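For reference, the structure is listed below as structure tokens.
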Amino acid sequence: MPSPYRALFAAPGSRAFSAAGFLGRMPLSMMGIGVVTMVSQLTGRYGLAGALSATLALAAAVAGPQVSRLVDRYGQRRVLRPATLVSLAAAAVLLCAAHYGWPEWVLFVACAGIGCVPSVGSMVRARWAALYRGTPKLHTAYSFESVVDEVCFIFGPIISIGLSTAWFPEAGPLLAACFLAAGVFWLTAQRATEPEPHPREHGDGGGTALRAPGLQVLVATFVATGAVFGAVDVVTVAFAEEEGRKAAASVVLAVYALGSCVAGVIFGLLRFAGAPERRWLLGVCAMAVSMIPLLLVGNLPFLAVALFVAGLSIAPTMITTMSLIEEHVPRAQLTEGMTWVSTGLAVGVALGSSVAGWVIDAAGARAGYGVPAVAGAVAVAVGFLGYRRLARPAPGRGGFVGRHDEHEERHLA
């Protein structure tokens, strides 16, 4: 591992909470696809499987920021353990209901309950922020976490689908639940690195972090960005099926995540001067432009190359987004702010996959790649419209050394 990454783990406890975070976020990439695989195998009904997966994603989008808001106020241990127990109980109900053929409404209620799952990635990033806030190491830490996210998305679906198809249908979601339990309870046992809670202060009104204008721009942009990701996943599976090689879709999508992983590693080694919102907008534009070659794909090898190139812009944009959240959200609401961005992505994934499915049914897989292209264009439009909000951090905030002086110069000008 390059020395900047080794230096991250000099802090006591950093290796342990990072490892726990890796386990705890594996379900993010395993549970949804695991539910689809399980239900489709047990019932043969892809429509029901997709509806349950969408219910799970939307429930997490609604509950996630509320859980994180409570974490900011009361601490990770006091909130994450009860929330995780609710999710695990709901997962147990889902597995039993699917196995024994209980009524469909039970399946939907269980998926909604699983939505209480905490955003473990946000919890780990909050710990890094508490350790390295205001130092260049925080940029490296966010880069490392972005790489961990991509590793989860490379291997998680493969493990979940493989277990459910080779062992028994419930195996994928069951392992995802086990990862969640192990990761969260291990993470919350580490009290020394847990960020200090920020109880409601007099006059804050208990408002949501989403009131921050800059965060609103980031979340709105990432709804469109999530639509890109959701559409690419669905259309790629359909394209591979049209080519007669449906099983290759998981490999092609893994190459997409690999591109992001490689870019994240390199990005974490670099040091940047200037305003991060400019890099963020450039990254959003790069993601949008990278969707254009997908409209011209003619075979799976070309598609894999195009997706690898497209993936190169993902991790740098996500890393810069986390730095911008540091600047636009009060410190007492940092975890909630990070979770709102994840929520925007989750909503976008649900929208993108749904629209892409409709386009595929109507016009075929190649036409389906128009959906991520349009979604990318929307992300760029929102980014440009909201750029001025991003250029004005919240008072007293600044994610990088030197940023405070830069904004003082702007105000003096």
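Only a predicted model underlies this, so the values are computations on that prediction, with no experimental measurement involved. What's counted below: heavy atoms across the whole structure, side chains too, no hydrogens, waters or symmetry copies.
Between atom CD1 of residue Ile266 and atom OG of residue Ser143 there is a gap of 11.0 Å, rounded to the nearest 0.5 Å. Going from atom CH2 of Trp340 over to atom CG of Leu345 covers 13.0 Å, rounded to the nearest 0.5 Å. Leu282 contributes atom CG, which lies 8.0 Å from atom OG1 of Thr317 (distance to the nearest 0.5 angstrom). We find the CG-CG distance between Leu28 and Asp149 to be 7.5 Å, quoted to the nearest 0.5 Å. Between atom CG of residue Leu303 and atom CG of residue Leu296 there is a gap of 11.5 Å, rounded to the nearest 0.5 Å. Leu307 CG to Leu258 CG: the interatomic distance, rounded to the nearest 0.5 Å, is 11.5 Å.
Remark: Phe384 CZ is loosely packed, at most 12 non-hydrogen atoms of other residues, nucleotides or ligands lying under 6.0 Å away. The local environment of CZ in Phe108 is crowded, with over 12 non-hydrogen atoms from other residues, nucleotides or ligands closer than 6.0 Å.
The backbone N or O of Tyr142 lies less than 3.5 Å from no partner atom in the side chain of Ser146, so there is not a single donor-acceptor pair. For the pair Glu145 (side chain) and Gly121 (backbone), a donor-acceptor distance under 3.5 Å is absent. One N or O on the side chain of Ser164 and one on the backbone of Gly172 form a donor-acceptor pair closer than 3.5 Å. Judged purely by atom type and a 3.5 angstrom limit, Ser18 has no side-chain atom pairing as donor or acceptor with the backbone of Arg15. Panel note: side chain Gln190, backbone Trp186; a donor-acceptor pair is recorded below 3.5 Å. A distance-only check finds no donor-acceptor pair linking the side chain of Ser260 to the backbone of Ala257 [under 3.5 Å]. Remark: the backbone N or O of Ala240 is not paired with any side-chain donor or acceptor of Arg245 at under 3.5 angstrom.
Between His139 and Tyr132, the ring centre distance reaches or exceeds 6.0 Å. Between Phe17 and Trp128, the ring centre distance stays below 6.0 Å.
Side-chain contact between Thr84 and Val117: absent, with no pair of heavy atoms (C-beta onward) separated by less than 4.5 Å. Considering only heavy atoms from C-beta on, Met123 comes within 4.5 Å of Ser68 through its side chain. Residues Glu170 and Leu42 meet the side-chain proximity criterion, which asks for heavy atoms closer than 4.5 Å. Between Arg127 and Leu187 there is a side-chain heavy-atom pair separated by less than 4.5 Å. The side-chain heavy atoms of Ser160 and Leu175, taken from C-beta on, include no pair separated by under 4.5 Å. Taking 4.5 Å as the limit, some side-chain heavy atom of Phe22 sits within range of a side-chain heavy atom of Val151. The shortest distance between side-chain heavy atoms of Phe229 and Met287 falls below 4.5 Å. Between Tyr369 and Thr236 the shortest side-chain heavy-atom distance falls below 4.5 Å.
Scanning both residues, Glu243 and Asn299, for their nearest heavy atoms gives OE1-CA, 4.2 Å. Closest approach of Met291 to Tyr256, counting heavy atoms only: CE-OH, 4.0 Å. The shortest heavy-atom contact between Ala126 and Gln76 is CB-NE2, 4.3 Å. In plain terms, the two heavy atoms of Cys116 and Ser87 that are nearest each other are C-OG, 3.1 Å. The nearest pair of heavy atoms linking Ala375 to Ala227 is CB-CB, 3.8 Å. Of all the heavy atoms in Ala263 and Pro316, the pair that sits closest is CB-CD, 3.9 Å.
Of the listed residues (Glu194, Arg81, Arg77, Arg78), just one forms a side-chain hydrogen bond (donor to acceptor under 3.5 Å, both in side chains) with Thr188, and that residue is Arg81.
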_Check against side chain to side chain contact (heavy atoms under 4.5 Å, CB included), Leu107 and Trp102_ = CA-CA 8 Å; Leu107 298 174; Trp102 293 356; over 6 Å; no
*Decide yes or no on side chain to side chain contact (heavy atoms under 4.5 Å, CB included) for Phe168 and Leu174, but give the supporting numbers first.*
CA-CA 10 Å; Phe168 56 90; Leu174 178 60; 4.1 Å; yes
*Does the side chain to side chain contact (heavy atoms under 4.5 Å, CB included) test come out yes or no for Met38 and Leu95, once each step is laid out?*
CA-CA 9 Å; Met38 174 184 71; Leu95 296 179; 3.7 Å; yes
*Under the side-chain hydrogen bond (donor to acceptor under 3.5 Å, both in side chains) rule, what do Arg279 and Thr320 come out as? Steps first, then yes or no, please.*
CA-CA 7 Å; Arg279 295 192 297 276; Thr320 309; 4.7 Å; no
*Could you give me the CA-CA distance, side-chain angles and deciding distance for Ser119 and Val67, then say whether side chain to side chain contact (heavy atoms under 4.5 Å, CB included) is met?*
CA-CA 8 Å; Ser119 177; Val67 172; over 6 Å; no
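Among pairs with a residue in residues 60-90, none fulfils ring-ring contact (aromatic ring centres under 6.0 Å, His included), at least two apart in sequence or across chains.
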